[in-house]
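All heavy atoms count here, side chains included; hydrogens, waters and symmetry mates do not.
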Amino acid sequence: MPFISPRYRDRVDRDDRTVGPGIEVTSGPGRSEVDLVLEAMDPDGVRPAEAIAARNLSLCFADKHIVSEVSVGFPRGTITALIGPTGCGKSTFLRTLNRMNDRVPGFARQGDVVLDGESIWAPSQDLLNLRRRVGMVFQRPNPFPMSIRDNVVAGVRAHRIAKGKQLDVVAEERLRQVGLWDAVKDRLGDSPFRLSGGQQQLLCLARALAVGPEVLLLDEPTSSLDPISTELVEELLRSLTPALTLILVTHNLGQARRTSQHTMFLYQGRLVEHGPTQDLFERPKDPDTLHYVTGRIG
Amino acid sequence: MDLAGTAPTGVSPVGARPARRPHLRRIRSLARAHEHHLWVAGGRAAALVPLVALALTMVVLAWKAWPAARVNGLHFLVASTWKPGSTYGAVTRTDGVAHPVGASYGAWPVIAGTLESSLIAIVIAVPVSIGAAFALTERLGGWLAGVLRTAIEILAGVPSVIIGLWGALTLGPLLANDVYPVIARNMPDLPALRFFKGPVGHGEGLATSGIVLALMIIPIIASTTRTLFAQVPALPKEGGEALGMTDWEVSRRITMPWVRAGIVGAAVLGLARALGETIAVAMVSGSLLNTVAPNLYGTMGTIAATLVTQLDSAFVDGTGFEVRTLAELAVVLVVVLLLVNTAARLIVRRAGGIAAPVGTGA
Ligand SMILES: Nc1ncnc2c1ncn2[C@@H]1O[C@H](COP(=O)(O)OP(=O)(O)OP(=O)(O)O)[C@@H](O)[C@H]1O
Ligand SMILES: [Mg+2]
């Protein structure tokens with residue numbers, strides 16, 4: 001009997017009329033834990049159902065339109081897959097969501113991105129805190145030049161979430177969460193560059209999780225990993241919901257189907273189709289989507 | 001043309017001109033097959049050239065210096081005397097080595113002066129260079145970066161004799177009038193800080209030498225460091241940014257550690273240059289041979305400056321002993337440089353413990 005927190009189920013039902021495939025929270029934390037997480041995230045139950053949403057968002061690099069008028073919401077506690085052929089603007093879109101593009105020369109935007117109902121460019125938004133709330137994992141692992149333990153707690157330190165001995169606790173907790181603890185517990189002080197690529201990526205995931213984000217942006221996080229590591233990461237991502245809202249860019253359509261509840265298909269900068277993953281893959285409404293998911297474009 | 005004679009050699013690729021001279025071809029293909037070995041052998045030979053040159057220099061120096069070393073003994077490294085001895089040609093022999101009566105050499109003041117002035121130079125130059133390199137690659141944009149870069153490049157190209165002259169005529173007096181007195185006056189009166197107090201002199205001395213040396217090595221360290229910073233891949237820096245680190249935290253925790261080993265190397269390059277710098281120091285140090293500077297501002301000398309200022313008078317010594325002593329001094333300098341290099345290598349190895357191995361992590 002799959003367990004879904006009542007409040008969570010309400011929201012999913014209301015938004016989508018269907019509980020998408022892959023919402024198998026049974027493998028996740030137990031009932032009370034989920035409730036704790038959700039309550040901590042939203043004590044009064046007043047937060048918008050969409051953790052983050054793009055409103056009419058258009059993005060340009062030096063007058064070249066990369067993304068045009070995308071409006072899409074990401075329901076809290078779900079995984080949304082972002083698919084589309086190379087160069088269609090997936091990374092550009094994703095990086096805009098935690099303002100990583102703001103300082104890129106030539107970058108311009110129209111429209112808005114709202115996080116919990118508030119524009120991420122609102123003057124009251126603190127950029128550093130925004131990035132704490134909206135974390136990011138990159139295509140290739142990018143450990144910092146410091147020990148494995150310090151990598152995990154780098155963000156925790158920067159945001160002064162914990163200090164001293166607490167850092168060790170945080171490091172262990174997050175390494176356990178990503179399943180890396182047993183592999184590295186005897187060499188926490190070692191260089192992360194001697195870990196395998198997959199282990200490095202897990203380390204980066206642990207690092208991103210350590211600051212307690214609400215939304216996690218993942219840009220092809222498994223593209224440099226072997227199938228077994230990929231499967232581990234996918235399982236881990238599924239276990240992160242419903243505490244977190246995930247947006248997963250992937251070229252691996254199987255991965256999109258296996259992990260996500262919703263899928264959005266971006267093609268030449270336009271949001272061609274967006275809907276429950278199963279529908280999009282099995283009953284695509286748009287001919288371009290059909291072509292892409294059956295492997296004829298991209 | 002005798003086409004019948006061009007038997008296929010078996011290696012001619014499709015469409016290639018048929019080989020006319022099988023022998024030449026065979027030699028060519030042999031050369032191609034062994035090209036790699038030729039390159040390796042050539043590379044090894046080329047790599048040996050500096051080693052051989054260094055070894056030859058050392059042998060010649062040591063050969064020259066050995067008799068003086070026997071007479072001067074260990075005393076040479078610790079004593080503070082520089083006496084060429086009898087100027088009337090009275091000669092005596094110690095251990096069979098001829099030298100003027102009363103000649104006595106102890107190079108401790110110039111050894112200390114070399115180390116002290118280079119230390120001052122490196123202490124000033126490393127932070128300034130890192131700051132400049134950092135500003136160039138990470139912070140400043142547009143024309144400001146251009147101005148700073150040009151300034152550094154120009155500084156790198158100024159001949160040391162010009163810097164020395166400027167140091168002696170302008171910078172030294174300026175410092176002695178307006179800067180040193182302020183430091184000496186405001187330094188707390190503690191025994192440990194006595195070195196910073198006392199008479200400030202007229203601008204020739206240890207502090208001025210150190211500052212002039214710093215000016216000369218800043219371009220070296222800054223340009224090397226700038227290259228290092230520019231090579232740090234964007235991905236880890238973006239990772240820090242995406243985690244909510246400030247620019248400063250990204251710099252301090254990611255960019256700097258990434259190139260730490262390289263920065264130590266750049267500093268050593270600068271230090272080696274400072275230890276060996278000659279003419280500018282000769283012009284601003286005061287060229288004192290037999291006294292260690294009593295405080296930060298006192299006149300002093302360095303090994304390299306002594307070599308150039310004493311060579312002329314050394315040739316007056318008919319026994320050649322003073323020239324041999326200068327050769328001994330040169331050996332000391334080379335040994336100091338080698339020690340510094342070795343120490344630096346050890347530091348680099350330790351500093352590189354966690355830093356990204358070169359060429360990875362991008
Ligand atoms: N900094 C930039 N300046 C100018 N153009 C850029 C910049 N970054 C990306 N682009 C352009 O924007 C377009 C979309 O790039 P983006 O990286 O978002 O594609 P993508 O969908 O992530 O592709 P992939 O699947 O290959 O990662 C490309 O045409 C790219 O050339
Ligand atoms: Mg991309």
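- Partners of A:Arg157 by salt bridge (Lys or Arg N to Asp or Glu O under 4.0 Å), not counting sequence neighbours, listed by chain and number: A:Asp150.
- Between B:Ile254 and A:Pro145, the shortest heavy-atom contact is O-CG, 3.4 Å.
- For the set A:Asn98, A:Leu128, A:Leu127, the entry with the most heavy-atom pairs within less than 4.5 Å of chain B is A:Leu128.
- Counting heavy atoms from C-beta outward, B:Glu241 and A:Arg103 have side chains that approach closer than 4.5 Å.
- Qualifying side-chain contact (heavy atoms from CB on, under 4.5 Å) partners for B:Ala266, counting only residues two or more places apart in sequence or in other chains: B:Ile221, B:Thr224, B:Thr225.
- By the 6.0 Å contact criterion, CG on B:Asn186 is enclosed, its count of non-hydrogen atoms from other residues, nucleotides or ligands being greater than 12.
- Note that CG of B:Leu243 and CZ of A:Arg132 are 10.5 Å apart. Values are rounded to the nearest 0.5 Å.
- Under a cut-off of 6.0 angstrom, the local environment of CZ in A:Arg55 is sparse, with at most 12 non-hydrogen atoms contributed by other residues, nucleotides or ligands.
- Interface residue A:Val134: only backbone heavy atoms are found under 4.5 Å from chain B.
- With a 4.5 Å cut-off on non-hydrogen atoms, A:Arg207 touches chain B through its backbone and its side chain both.
- Contacts of B:Thr246 with chain A are made by both backbone and side-chain atoms, with heavy-atom separations under 4.5 Å.
- A:Phe144 pairs with exactly one of B:Lys237, B:Arg253, B:Met245 by the side chain to side chain contact (heavy atoms under 4.5 Å, CB included) rule, that one being B:Met245.
- Within residues 111-126 of chain A, no residue has any heavy atom less than 4.5 Å from a heavy atom of chain B.
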Which donor-acceptor pairs under 3.5 Å do the side chains of residues 208-220 of chain B make with protein atoms, sequence neighbours left out?
unit_1   : atom_1 : unit_2   : atom_2 : d
B:Thr208 : OG1    : B:Tyr180 : OH     : 2.9
B:Thr208 : OG1    : B:Gly203 : O      : 2.7
B:Ser209 : OG     : B:Gly205 : O      : 2.7

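- With chain B as partner, the option from A:Ala208, A:Ala154, A:Gly197, A:Pro213 having the largest number of non-hydrogen pairs under 4.5 angstrom is A:Ala154.
- Contact count against chain B (heavy-atom pairs under 4.5 Å) is highest for A:Met100 among A:Arg95, A:Met100, A:Arg133, A:Arg99.
- Nearest heavy-atom pair, A:Pro143 versus B:Trp258, reported as atom, atom and distance to 0.1 Å: O-CZ3, 3.9 Å.
- Taking CZ from A:Arg140 and CG from B:Leu235, the interatomic distance works out to 6.0 Å, rounded to the nearest 0.5 Å.
- Atom NZ of A:Lys185 has more than 12 neighbouring heavy atoms from other residues, nucleotides or ligands inside a 6.0 Å radius.
- For chain A, the nearby part of B:Glu249 is the side chain; its heavy atoms alone come within less than 4.5 Å.
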